[in-house]
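Worksheet: the structure to be examined is printed underneath.
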Amino acid sequence: MNQGKANIHPIAQLGSPVLRLKAAEVEIENILDDEVQQLINQMMTTVSEAGGVGIAAPQIHHSLRIFIMCSKPNTRYPDAPLMQPTAIINPEILRYSHDKVKDWEGCLSVPSIRGLVPRYNQIIVSYFDQQGNKKQKELSGFLARIFQHELDHLNGLTFIDQVESTQDLISEEEWYRQIAIT
């Protein structure tokens with residue numbers, strides 16, 4: 001087994017109790033501890049291997065308020081903007097735009113299903129980075145969507161909880177078929 005594979009964790013699937021818990025805050029003085037840094041590195045490896053654009057600690061069975069954003073074009077999200085993988089610790093949304101936009105989301109914990117999810121198009125957020133620095137940013141479009149999706153995981157929610165109707169759910173196979181037609 002190579003070293004990279006040793007850091008990949010099984011991803012919690014819908015129905016796993018850890019996905020329904022409100023995750024615990026990370027003590028600021030503990031951000032630089034080996035345990036937290038190793039968890040962040042494991043999350044980065046796992047999300048990269050899984051082809052995701054984000055992953056939250058509860059998805060790898062750790063109920064802590066940490067997620068990774070790593071947007072990049074891929075098979076699942078061909079139009080995703082490129083960003084460096086970023087650890088987001090103890091995230092908060094400070095302000096929302098008035099407008100919400102519905103768009104398709106999938107989830108590594110809910111394989112084979114996509115949902116049309118309404119999300120705020122612009123948000124101002126604060127969080128601590130992997131080095132323990134406090135950050136504040138304005139995010140819009142797809143990056144704002146990732147942040148809200150991953151923050152939901154820290155609050156015990158999945159995208160399925162956010163759809164307005166079951167009519168807004170589709171199998172991933174059908175979703176791929178439909179986008180191939182357009």
| request: Scan Arg114, Gln162, Gln148, His149 and name whichever one has a side chain to side chain donor-acceptor pair (under 3.5 Å) with Glu105. | output: His149

| query | Can you find a heavy atom in the side chain of Leu14 that is under 4.5 Å from one in the side chain of Ile113? | reply | no

| query | Same hydrophobic cluster for Phe147 and Leu19, using side-chain heavy-atom links shorter than 4.5 Å among ILVMFWY? | reply | no

| When you look at CD of Gln84, are more than 12 heavy atoms from neighbouring residues, nucleotides or ligands closer to it than 6.0 Å? | no

| request: Answer yes if Tyr176 and Phe159 sit in the same cluster of Ile, Leu, Val, Met, Phe, Trp and Tyr residues linked by side chain heavy atoms under 4.5 Å apart, and no otherwise. | output: no

| Given side chains that start at C-beta, do those of Trp104 and Val117 come closer than 4.5 Å, heavy atoms only? | no

| request: Keeping the roles fixed (side chain from Thr45, backbone from Asn41), state whether a donor-acceptor pair exists under 3.5 Å. | output: yes

| said: Nearest 0.5 angstrom please: Lys137 NZ to Ile123 CD1, how far? | reply: 12.0 Å

| field | Val110-Leu157 co-clustered via ILVMFWY side chain contacts under 4.5 Å | value | no

| message | How close do Gly52 and Lys72 get, counting heavy atoms only, and between which atoms? | response | O-NZ, 3.0 Å

| field | Cationic N near anionic O, under 4.0 Å, Lys102 to Glu164 | value | yes

| query | By the rule that ILVMFWY residues connect when side-chain heavy atoms come within less than 4.5 angstrom, directly or transitively, which residues belong alongside Leu94? | reply | Ile124

| remark: Distance col, row Arg177:CZ vs Ser171:OG, nearest 0.5 angstrom, shows 9.0 Å

| task | Using the side-chain contact (heavy atoms from CB on, under 4.5 Å) rule, take Thr86 and Cys70 through it: C-alpha gap first, then chi angles, then the decisive distance, then the call. | result | CA-CA 6 Å; Thr86 304; Cys70 53; over 6 Å; no

| query | Could you give the distance from CG (Asn90) to CD (Glu25), rounded to the nearest 0.5 Å? | reply | 4.0 Å

| request: Determine whether Tyr127 and Ile89 make a side-chain contact, defined as any pair of heavy atoms from C-beta on separated by less than 4.5 Å. | output: no

| Given the rule in the side chain to side chain donor-acceptor pair (under 3.5 Å) test, do Ser109 and Gln13 qualify, once you have shown the distances and angles that lead to the verdict? | CA-CA 4 Å; Ser109 292; Gln13 298 299 294; 4.9 Å; no

| Partner set under salt bridge (charged side-chain N to carboxylate O under 4.0 Å, His left out) for Asp129, not counting sequence neighbours | Lys135

| task | Looking only at non-hydrogen atoms, find the nearest pair between Leu21 and Ser63 and report the distance. | result | CB-OG, 3.9 Å

| How would you list, by chain and number, every residue that makes a salt bridge (charged side-chain N to carboxylate O under 4.0 Å, His left out) with Asp161, sequence neighbours excluded? | Arg20

| task | Using the six-membered ring wherever Trp is involved, compare the ring planes of Tyr120 and Tyr96 and label them parallel, tilted or perpendicular (cut-offs 30° and 60°). | result | tilted

| remark: Correct closest heavy-atom pair for Ile66 and Met43 would be O-CE, 3.6 Å

| task | Would you mind reporting whether Val125 and Ile88 have side-chain heavy atoms less than 4.5 Å apart? | result | no

| field | Of all pairs that satisfy salt bridge (Lys or Arg N to Asp or Glu O under 4.0 Å), the ones with a partner from residues 146-157, not counting sequence neighbours | value | Arg119-Asp152

| note | CG (Leu39) and OG1 (Thr46) are apart, to the nearest 0.5 Å, by 9.0 Å

| request: Supply the atom-to-atom distance Ser126 OG to Arg95 CZ, rounded to the nearest 0.5 angstrom. | output: 11.0 Å

| request: Give the cluster check for Leu143 versus Phe67: same hydrophobic cluster or not, with ILVMFWY residues linked at side-chain heavy-atom distances below 4.5 Å. | output: yes

| field | Atom pair CG/NE2 of Asn121 and His98 - distance to nearest 0.5 Å | value | 13.0 Å

| task | Could you tell me whether the side chain of Arg65 reaches within less than 4.5 Å of the side chain of Leu151, counting heavy atoms only? | result | yes

| Does any non-hydrogen side-chain atom of Gln42 lie less than 4.5 Å from one of Val47? | no

| request: Name all residues meeting the salt bridge (charged side-chain N to carboxylate O under 4.0 Å, His left out) criterion together with Glu173; count only those two or more places apart in sequence or in a different chain, and write none if there are none. | output: none

| request: Determine whether Ile60 and Pro10 make a side-chain contact, defined as any pair of heavy atoms from C-beta on separated by less than 4.5 Å. | output: no

| query | Is the backbone N or O of Ile31 less than 3.5 Å from a side-chain atom of Gln37, with the two atoms forming a donor-acceptor pair by type? | reply | yes

| said: Measuring only between side-chain heavy atoms, which start at C-beta, is His61 closer than 4.5 Å to His9? | reply: no

| task | Please report the shortest heavy-atom distance between Lys100 and Pro118, naming the atom on each side. | result | CD-CB, 4.3 Å

| message | List the residues meeting side-chain hydrogen bond (donor to acceptor under 3.5 Å, both in side chains) with Ser97, not counting sequence neighbours, and say none if there are none. | response | Asp99

| query | Going hydrophobic residue to hydrophobic residue with side-chain gaps under 4.5 angstrom, can you get from Ile160 over to Ile11? | reply | no

| said: Can you tell me if Glu29 has over 12 outside heavy atoms packed within less than 6.0 Å of its CD? | reply: yes

| query | What are the two closest heavy atoms between Pro58 and Leu154, and how far apart are they? | reply | CD-CD2, 3.7 Å

